[in-house]
Amino acid sequence: MGGITAASGGRNIDNGDLLSLQARMKKDPPGYEEELLLQLRHFDACISILLLQAPVEAPTGPTPAGESGPAKEVADVAMFLAHMAPFYPQHLKELPQKLLQVLSNYQSLQPHLRRQLTQSLILLRNRKVELTQILPILIDLQCVGDRVLRKLAFLHIIHDIRRTNLKHKNEQFNRSAQNLLFNILKGDDEVKAKRALVVLAELHRRKVWTDERTADAICSACLHKSSRIMIASLRFLLGYDQEKEDQEEDESSDEEEDPAKLSVNVDRESIYKAYHKGTTASKRKKQAKLQRVIRSMKKQQRTHSREMEQGSHAPLQHVVDPQEFAEKLFARLRSCNEKFEVKLMMMQLISRTVGIHRLILLNFYPFLQRYIEPHQRDVTLVLAAAVQACHDLVPPDAIEPVIRQLVNHFVHDRARPEVIAVGLNVVREICMRVPLIMTPELLQDLALYKKNREKAVAAAARSVIAVYRELMPSMLGKKDRGRNADLAAKPKAFGEVSVATGVPGAELLLEDTENEYEDGEGSEDEEDEDDDDDEEGGLTLEEDESGDVQVISDLDGEEVEDEDDEEDEEEVDDEDDEGVELTGEETPVRAKKKRKVEGQETPGTPGTPVTPSTGQSLRNLRKQAASKSVDTLEVKSKDGDGILSNEDYEKIRAMKSKRAAKEALSDHGLTKAGKKRKETSVKLTDPDNLSGRRVDPGVLEAHVKRRMEKDERVAMVKAGREDRTPYSSRTATKQKKTGGMSNKQKNKRKALPLAAVRSKVARNAEMKRMKGRGKNQFRGKKAWKS
């Protein structure tokens, strides 16, 4: 006991003695209280000596291993006392303030001492010391030229705030820490402000601080007077969407998915046909298409569920005043003297803000117009910014000069193929967002490029045609409209808004109820039809899929007449109400059919006439009855309040998923409807969703293959022959072979069973006998032998 006390009270104490003393004090804290007081007095004395020394320039190199003096003693004793703080809270309650006092003069401290004191302070913070007390000094320590210390302080701030908000959001702590960082970010010190911005951006990226205050502070850093801070904020905001897309791709490629959360309602018929119908090659193709459909639908479900659970955490989504932010940033863009790369980032950020919040910034489009030139550097990024700034609330007159210059400078006969393809792709993207900007003359001129010999140009022109084939087919020529084009279809007028009058998808419940009602009525109809067969002598009234009446014979199952014939419909409409006159060409079956149509009762179903005044088939009447029954059932079940239960919403979600699966299968040609459809059509996304998406400049680019010269083709052919073995005949290969016989040769020499040998001998004898019979074949008696 006495030896340890004497050693602990000495001046020059080794680190090993402190570690052994630390282990003993943890086992018996009350017995070593005197040793703790001695070490505490020694620490105070070393600090006073260290503070009295004249400040010197801190060396940047590492501390030598044999270094001694007050700095080394302060570092060792500080770490020792930080470990003993939980065991002696009364004696060491002022230790954090002493460490902060020493670190306040961090510029005059040696690197090793700074790191040791910072680690001691972090250790005390983990023992329930407030972070707000040490946060300013941790930000200051990041401004020192010590890379190790900067990383240590930065990671501690991030992990500490994340650990504090792990179980629940600590609003009081978050508010105080955010105020400190916001004040540092708004300050004049550029280095500290950048470190504060880095901390805020990392916390937002890790989904720790995703509130509006943090997002608005990061966006406001784009207006900072320092160019370095502005560029750092621009890069973070523009790279957030790209990082999010990369994460979604990684999640979609990950095979460890929860099947309970992601389910695709693919019908059994499609699965059976993909695995059991057709040849091996066709089944392989159908299986690949089916897997693509399932992956795409799972990705959509994953994105939708993420948005429903968490919402969008993009900082631009939570700007407090996006209109003011876009105007200030655009004013700085017009007056700044930065490099073109910085101006390009500012253009992209302004366009993203305008597109996400659907702002009106009319001066922005003429500013972009001066950069829309084929020879402009990074022109695809400028064009992507122009596309992102377009939405349905922008007047078409404001975007018309941009489209005119784009077409005049990019889409003409003397331009290169890649330039024409880029121009057509940009026109397509803008027209998908603002369809009213296109004129019939311009559209027909652009449609002529579909016959261009360059594949990229022709594909871009066809994509423009496909967009307006869905939006407004009347603007296209007759050859470009496609079959069954709706010439009355038009896009929404400028300022027109679609207002929802009910719950989206509620009509699916009504359709499902109608189908159930029709299934229930089907059994009764079958019974009535059986009665009709007995009374009409084998003739039955049935309906096809379109709801039309057909007369079918049960004897041979062949169709006799169909009500789809236009001539029969005209004859029925021209008949008077007094009666029906039979001509010599009409058959009794047709006469009986006309009597039923004109209102006479069917023998099997008395009291249910189908009159020509209504002009409705049995299926339409059933649908009307089903809708009436559905209304009555809904009033009874819901008490007239129209409130849907959780089961109804789950049913709507399941039916939407089933309908989406059918559409996806049809698009990939896995259904009959998809195989019959030959026209190329595109599914246009809602303009509201398009304006919020980031436009990838790589999508606008066109990859045109340049024709290679003869020397290049020969070099490519020779390069492909390097890894290939030289040609040689099969006999030469066998002769060069070493190492014994192959398995095929060994099987030929293998001894056969006795039964096989006898069978082979008998077979050979039979073959010889057949050959001999052919030689002695009778060819007729010769004339000279007669």
TODO: Just do the side chain to side chain contact (heavy atoms under 4.5 Å, CB included) check on Y275 and L290 with the steps written out, would you?
DONE: CA-CA 10 Å; Y275 286 90; L290 189 63; 4.3 Å; yes
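For E712, the salt bridge (charged side-chain N to carboxylate O under 4.0 Å, His left out) partners two or more places apart in sequence, or in a different chain, are R706. Residues meeting the side chain to side chain donor-acceptor pair (under 3.5 Å) test with N646, sequence neighbours left out: none.
No side-chain heavy atom of K750 sits under 4.5 Å from any side-chain heavy atom of K746. Counting heavy atoms from C-beta on, the side chains of L446 and M438 come closer than 4.5 Å. Within the 4.5 Å cutoff, the side chain of M655 has no heavy atoms near those of the I652 side chain. Within the 4.5 Å cutoff, no side-chain heavy atoms of D480 are placed close to those of Q444. Counting heavy atoms from C-beta on, the side chains of K286 and K277 come closer than 4.5 Å.
Classification of E647 and K651 as a salt-bridged pair fails, no side-chain N sitting under 4.0 Å from a carboxylate O.
Proximity of a side-chain donor or acceptor of R433 to a complementary backbone N or O of E429 within less than 3.5 Å is detected. Panel note: side chain R713, backbone M708; a donor-acceptor pair is recorded below 3.5 Å. Judged purely by atom type and a 3.5 angstrom limit, Y240 has no side-chain atom pairing as donor or acceptor with the backbone of R205.
Judged by distance alone, the side chains of S759 and R763 do bring a donor and an acceptor atom under 3.5 Å apart.
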